[in-house]
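Some notes on the structure that comes next.
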Amino acid sequence: MAALAALAATVGGLLRLRAAGAEGQWRRLRGAGLLRGLLQPDSATGVAAQRRHVAHFTFQPDPEPQEYGQTQKMNLFQAITSALDNSLAKDPTAVIFGEDVAFGGVFRCTVGLRDKYGKDRVFNTPLCEQGIVGFGIGVAVTGATAIAEIQFADYIFPAFDQIVNEAAKYRYRSGDLFNCGSLTIRAPWGCVGHGALYHSQSPEAFFAHCPGIKVVVPRSPFQAKGLLLSCIEDKNPCIFFEPKILYRAAVEQVPVEPYNIPLSQAEVIQEGSDVTLVAWGTQVHVIREVASMAQEKLGVSCEVIDLRTILPWDMDTVCKKFREAAYGKEELDFGRRMTVFERNSGFKNNTVLQLKINYIQQCQKGKKNDSLQGLCMGSR
Amino acid sequence: MRKMLAAVSRVLSGVAQKPASRVLVASRNFANDATFEIKKCDLHRLEEGPPVTTVLTREDGLRYYRMMQTVRRMELKADQLYKQKIIRGFCHLCDGQEACCVGLEAGINPTDHLITAYRAHGFTFTRGLSVREILAELTGRRGGCAKGKGGSMHMYAKNFYGGNGIVGAQVPLGAGIALACKYNGKDEVCLTLYGDGAANQGQIFEAYNMAALWKLPCIFICENNRYGMGTSVERAAASTDYYKRGDFIPGLRVDGMDILCVREATRFAAAYCRSGKGPILMELQTYRYHGHSMSDPGVSYRTREEIQEVRSKSDPIMLLKDRMVNSNLASVEELKEIDVEVRKEIEDAAQFATADPEPPLEELGYHIYSSDPPFEVRGANQWIKFKSIS
């Protein structure tokens, strides 16, 4: 709801500015009066809403994939288990470790794996995140496949040094003599409603500025299994954040056999011509809803992109769409992009900056003096 | 009719009995104090430990009993409120561990400092906050000690630094507080608590090193309740002698279910620190009846028999009660009266906690930064603005 209101404001504001003869400056938007009145959520009017809000989205499953063989109905944690099962079966050096993974994990992502593959391959660690990641780097450097679990993404910070200073830079500083590419770190991520300070964080932005690692956030069970398998097989250390609110809420048909979804490729979920909406993880479902509401209520055609890999991100797909939006239409001749994510963070600024620079360069080439209206916001 | 008469007579006799029993209590001669033998503590790098006998006065005994009973009832009430969904989020209960919080408080001064992890309701109470404030904080209301914004894991009071969510993160903080104590020169000590799970975190050892190097008046206390969430100590630690883990820091292992043992050990440790000898480590061997948190039934990694055994043999409140009654420090009726009073106090507090309004929406943005003049913070969308006032 909040996202829709923002979207409406974006469009309304832009139309207004266009009429006023916008200059080539990036401007923060103010909500257009009429639209604001129509679509403003309760809380914005200042009325204290005492009722409790639970998950403000509906998970939208993708159609059953045809090209990977037999599929089975799975939710997100079952898809993760399936991916881990496939990995351990295929790769005899693969090991899974972390806090409480032996009995199945606090989110049941590793249920049954210890029984199937033995206690040498699926084992618990004591309570020490820095130790877990450091140990994982060591395992990976010898060539074995290490799949480390951090119990909640909020606890990844003691391991931040190991990830950023050790894992990310290993290959570079040894001149490719050593690397810890077979390390994958998995962590439950994101808001769940009752998590408060330390069970709700989305720390992908902290890692997004670190060359040497890959950061991935899936939006659904089918995506999760394919992306996780790609992360495990990728020859670079990867961090795989799993939206915890989707563990049970997201149910889809997922192939039983292993398959890969390529990293660093964003997916255009829905084509559109007026506004480009970029998101990842849980927010993808929010903006899908927003896109359909916008189409219905405002007649705005939205492009929805799931970024999937946060680092290195698919600049081409996002910018291409952006430029198409800018140049493809007669009536609206400047593009709009809105990134929707759960936390206000540096990554947003980076994206905006990159797109802005990109766009401005294109504008200058084409000698258009339109203003760039990039609107970034956290929804929810 | 007969039933009604019986009920009426019961009520009347009950009313009549109360003042009579009070008269009885007042007229009975109680001992002023009694000497008890307590378990000897295992020592690490110490020549001698706390005394093996201690004197408990009637006054102290009653006070400890009341405090422990209050903590017990408060935790059970929190359990009830959680199941009724009046308390939400996370709730880590410390029933079974009352001797630790009350015993530690008995061994130090109110001007000393204390910091612990998230199983903190008992400590919040012993450090001076009322049950009302604690329950209201659990239910997230205005009357709560953190104005309803902290919840179970983030309660603070004077000289009580919380209430910390990240496991082990509070230990270096405790070492820092101890540095401040030393610097201020007021002879204060800092009690830095952590659990058996946290004992394997790296930052604990960093804090040990700093405290020992600079001889900080820090008492490191490992509250060993045998299980780190669902992992037993044998499965998590290479060495379960947590009192020896400080290596170069002397340590003692204390029976954490006996409040007198805890009190004497704390007095000993505080005296050690105050004399400038540096940090000391205490391991309190205790037990929690509930699971790790309200979402953990607590029986998938330990047997009900084990829990029952601890409850029947080592319950801290029962141990104190038996001691006091057997040495004529108090009577069973007197203690029962205290139970009734405590129950009423908790009921009132629960009423308050349920009825108090939630903090107003404007306060959502307060205290993010300290800033003058207040600046605006954006809420979940660009029109929701909160003032961050601090």
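Below, chain A is the first sequence line, B the second, and so on; all start at residue 1.
- Within a 6.0 Å sphere centred on CZ of F248(B), heavy atoms belonging to other residues, nucleotides or ligands number more than 12.
- Contacts between residues 166-174 of chain B and chain A, counted as heavy-atom pairs separated by less than 4.5 Å, involve I166(B), V167(B).
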Let me have the donor-acceptor pairs involving side chains of residues 202-210 of chain B, under 3.5 Å, with sequence neighbours excluded, atom names and distances please.
from: Q203(B); atom 1: NE2; to: Q201(B); atom 2: OE1; distance (Å): 3.3
from: Y208(B); atom 1: OH; to: Y194(B); atom 2: OH; distance (Å): 2.5

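- Minimum heavy-atom separation, F90(B) to H194(A): CE1-O, 3.6 Å.
- Of the two parts of D154(A), only the backbone, made up of N, CA, C and O, holds a non-hydrogen atom closer than 4.5 Å to a non-hydrogen atom of chain B.
- At a heavy-atom separation below 4.5 angstrom, chain A is approached by M229(B), T231(B), R235(B), A236(B) within residues 228-240 of chain B.
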Test side chain to side chain contact (heavy atoms under 4.5 Å, CB included) on M153(B) and L197(A); report intermediate values, then the result. CA-CA 10 Å; M153(B) 289 200 266; L197(A) 294 168; over 6 Å; no
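- Atom CD of E306(B) sits in a crowded spot, with more than 12 heavy atoms from other residues, nucleotides or ligands closer than 6.0 Å.
- At most 12 heavy atoms of other shown residues, nucleotides or ligands fall within 6.0 angstrom of atom CZ in F206(A).
- Around NZ of K147(B), the count of heavy atoms belonging to other residues, nucleotides or ligands within 6.0 Å does not exceed 12.
- Of all residues in residues 126-139 of chain A, those placing a non-hydrogen atom less than 4.5 angstrom from a non-hydrogen atom of chain B are P126(A), L127(A), C128(A), E129(A).
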